[in-house]
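Okay, structure first, notes after.
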Amino acid sequence: MIAEKENKYMKELAKSYPNRSSALSEIINLNAILNLPKGTEHFMSDLHGEHEAFSHIRRNASGVVRRKVDALFEKTLSVNERAELSTLIYYPEEKLDSNLLEKEEKDNWYKITLRRLLEVSRFVSSKYTRSKVRKHLARTASGYDYIIDELLNNDYDAINKGHYYDNILNTIINVGSAEKFIIALCSAIKSMVIDHLHIVGDVFDRGPRADLIMEQLMKENSIDIQWGNHDALWMGAAAGSRVCIATVLNNSITYKNLDVVEIGYGISLRPLSLFANDVYANSDVSNYMPKGNSDGDIFIEDDDSLVARMHKAISIIQFKLEGQTILRNPDYGMEHRLLLDKIDWEKGTVKLNGREYPLKEKDFPTVDKDNPYALTDGERELMQYLKNAFMRSQKLQNHIRFLFEKGEIYTIFNKNLLFHGCIPLNEDGSFMSFPIAGGLSGRAFMDFCDRTARKGFFSREGSETKQFGKDFLWFLWCGKDSPLCARKKITTFERLLIDAPETWAEPKNAYYQCWNDEYIVQKILEEFSLGGKHSHIINGHVPVQYKKGEDPIKANGKLILIDGGFCRAYQKTTGIAGYTLIYNADGMRISAHEPFRGVQDAINNNADILSETVIFEQASDKIRVKNTDTGVVISEKIADLTKLVECYETGTIKEKIKSKQGSYS
């Protein structure tokens, strides 16, 4: 039976390689690829809607583009000239628009600039096969890909080729295509400098425009995403989970960050504002004033009272819906988060951890004291509208489908284990089991989380599977010891309504007490069939306290924490503006970024995001494609093709010879 299946597979393979010559040619080609240097991987996490900073770091490849420019032109160009060339690569359209040279000077500038950009292009493409470079060019330089391919693969130092090369450049300039050609070259450079991008969770919330980051991620040539807790929340909202929708809006309103909802995803919040103005018109809403600023937001400072009423309205709805979700799912073990029924309405206190705390206010006109988790008719109607709006936003649905297509709860890539939050552990370092998953723990539980999240989005509306999956997406957002939230609880209620900081604590899962223990980290890697010198855990979620001297490299280099405070809200705490982990043929290094001062500063003054880079794992020899996951696949294909050649040589499979007409017989 096995021999029959293998013979059938060989016959299928023979359709692509119909004779010994074609199979041998492919074996030679694949062996050559195996010995190329591995492509450069970039790891980023916790982008939190900071689209301008993310866009710039993606354009400069975390400083890699500037390092390439410096390496090529350090002896021939000044520091300012190298900065100018680098900024041109980052922002070609904008820099070209600001070029005010006269025609003769401009034509000379075009020729010099095109030559320099072609040198950079050759440098960044040198580790790829010509076929792979062509694919990059077809995607990023469409219309000019053939010409760029010619120019990249010509020896223009040779006399005859030099004339040919000069003639192409002169023609490009003379026909008025120089600027479009420069833009195409810059796009190709930015594409080729990063071979694969990893986003280790939390694209959404906090910052202004997560939707713009998603648009950019969808254009990447090669990418994977590990879901963060904020991503899971938006995934649940897009699936139609009312509790996730209420929480998304509460988060956005809290930080006065509504552009992403109204402008980004076209979801009108007018019904919420009308409801809030009607129900809470006479309420004191000083406790609900937004924390964010109004730069670029649809609301202005005069509207803060309206935003506060909206905040109060959606907060109460959120607490009710959270209660309903917890009551529906006792296996979550989150009964301690049922707080509305612990309120003494006469005294204005809430019982928490066996103690009574005064509430900042007790004006909750929509709360039924006898049935506190029930929505009023008006709240139900509002949430039905919002559910429809989230589910009918085509842009949001496209973005969330992309998160499901390219994302998962964890990823194994080139011997590294990537996840956002944690692998839930008990205090003794053993894997925590979960009743909600039938007692599963470790990798099996993580796989359960991935499957259940997908059911929440893709199952039929109205089915029990759909409801269970939607609730579980909320659990991933904030559930007790959730692998994405990684806390015992989140204290939204306490922070909003109790003026007692000791109630605000959000204890972390034991994973964070164990992640410096090399033995435990190695045990986690082994749970995922990994281990050895070059395997690592790559983690986001918890910002590194850089300014306090915290090291992002833990467990003797086996775990790397790459949340450095990309979001501006965290930068006062971390002292930096994010990390990028870079893994190339020479090893691993981590770059700590300074805050981004804005696109205009970059364009006008060639200002860049400065990065302090630490090399922490240097390869003793170049890491080759054969040492990667791609190398394993290629090696398997070489083995199959070798068997096919044997079949041709023994006559088991008949060779087909190409005729002069181009057909095989």
Side-chain angles (χ1 to χ4, degrees), residues 47-55 202-218 230-281 285 288-318 321 378-379 381-403 477 567-569:
L47 306 178
H48 284 301
E50 297 289 352
H51 64 99
E52 281 198 352
F54 169 73
S55 177
D202 277 356
V203 174
F204 285 90
D205 286 335
R206 298 287 189 181
R209 294 297 299 272
D211 60 302
L212 297 180
I213 295 178
M214 288 300 301
E215 288 292 306
Q216 192 162 348
L217 295 180
M218 291 173 75
H230 288 268
D231 304 323
L233 180 64
W234 279 81
M235 289 154 66
S241 163
R242 296 187 304 166
V243 65
C244 289
I245 290 168
T247 310
V248 159
L249 293 179
N250 195 354
N251 289 347
S252 297
I253 292 169
T254 298
Y255 291 93
K256 204 173 181 184
N257 179 25
L258 297 171
D259 280 3
V260 67
V261 178
E262 290 226 322
I263 298 174
Y265 291 123
I267 296 169
S268 172
L269 297 182
R270 180 169 170 75
L272 174 58
S273 67
L274 292 173
F275 174 85
N277 265 337
D278 180 36
V279 175
Y280 297 99
V285 291
Y288 298 88
M289 299 302 280
K291 297 177 182 178
N293 60 57
S294 57
D295 293 346
D297 198 273
I298 54 173
F299 290 97
I300 59 176
E301 282 191 30
D302 291 342
D303 294 321
D304 275 356
S305 59
L306 168 60
V307 176
R309 285 192 288 275
M310 292 167 65
H311 184 196
K312 183 168 185 175
I314 204 67
S315 294
I316 302 308
I317 291 172
Q318 177 186 329
L321 292 172
E379 287 172 330
E381 184 179 336
L382 172 63
M383 289 311 301
Q384 186 60 49
Y385 159 78
L386 289 170
K387 176 180 176 179
N388 292 341
F390 271 77
M391 295 186 74
R392 290 171 183 169
S393 169
Q394 194 58 54
K395 187 175 177 182
L396 175 61
Q397 294 296 318
N398 289 343
H399 287 178
I400 299 305
R401 286 181 180 275
F402 179 78
L403 278 181
W477 149 249
C567 176
R568 279 179 287 182

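Numbering starts at 1 and runs along the sequence shown.
- Put simply, the side chain of Leu382 does not reach to within 4.5 Å of the side chain of Glu379, judged on heavy atoms.
- Aromatic ring orientation, Trp234 versus Phe390: tilted (interplanar angle from 30° to 60°).
- Counting only heavy atoms from C-beta outward, the side chains of His399 and Val203 never approach each other to under 4.5 Å.
- For the residue pair Thr247 and Asn251, no side-chain donor N or O sits within less than 3.5 Å of a side-chain acceptor on the partner.
- You'll find the side chain of Phe204 stays beyond 4.5 Å of the side chain of Leu233, heavy atoms only.
- In this structure, Ala238 and Ile400 approach most closely via the heavy-atom pair CB-CG1, 3.5 Å.
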Check step by step if side-chain hydrogen bond (donor to acceptor under 3.5 Å, both in side chains) holds for Ser273 and Asn277.
CA-CA 6 Å; Ser273 67; Asn277 265 337; 5.6 Å; no
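- Taking every heavy atom of both residues into account, Asn257 and Arg206 meet most closely at ND2-O, 3.5 Å.
- What you find for Tyr280 and Arg309 is that their closest heavy atoms are O-CD, 3.3 Å.
- Within the 4.5 Å cutoff, no side-chain heavy atoms of His311 are placed close to those of Val285.
- Nearest approach of Tyr385 to Pro271, heavy atoms of both residues: CE2-CG, 3.4 Å.
- Taking all atoms of both residues into account, the shortest heavy-atom contact from Asp205 to His230 is OD2-ND1, 2.7 Å.
- Between Glu50 and Pro208, the shortest heavy-atom distance links the atoms OE1-CD, 4.0 Å.
- Atom CG of Leu217 sits about 11.0 Å away from atom CG of Leu212, to the nearest 0.5 Å.
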Would you check, one step at a time, whether the test side chain to side chain contact (heavy atoms under 4.5 Å, CB included) holds for Glu215 with Asp211?
CA-CA 6 Å; Glu215 288 292 306; Asp211 60 302; 5.7 Å; no
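- The structure places CZ of Phe54 at 15.0 Å from CZ of Arg209, a figure rounded to the nearest 0.5 Å.
- Note: Tyr255 OH to Asn250 CG = 10.0 Å, rounded to the nearest 0.5 Å.
- Rounding to the nearest 0.5 angstrom, the gap separating the CZ atom in Arg401 from the CD atom in Gln394 is 8.0 Å.
- Within the 3.5 Å criterion, the main-chain N or O of Val248 finds a donor-acceptor partner in the side chain of Ser252.
- Judged as a side-chain contact (heavy atoms from CB on, under 4.5 Å), and not counting sequence neighbours, Glu381 has no contacts.
- At a threshold of 4.5 Å between non-hydrogen side-chain atoms, the residues Asp231 and Asp202 count as touching.
- The distance from the SG atom of Cys244 to the CE atom of Met235 is 10.0 Å, given to the nearest 0.5 Å.
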Would you please test Leu403 and Met214 for side chain to side chain contact (heavy atoms under 4.5 Å, CB included) and show each step?
CA-CA 9 Å; Leu403 278 181; Met214 288 300 301; 3.9 Å; yes
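- Partner Leu269 forms a side chain to side chain contact (heavy atoms under 4.5 Å, CB included) with one of Val307, Leu249, Ile314 and no other, that one being Leu249.
- Note that the CG atom of Asn388 and the CD1 atom of Ile267 stand 11.0 Å from one another [nearest 0.5 Å].
- Inter-residue side-chain proximity for Met310 and Tyr288 is flagged as unmet; no heavy-atom pair is nearer than 4.5 Å.
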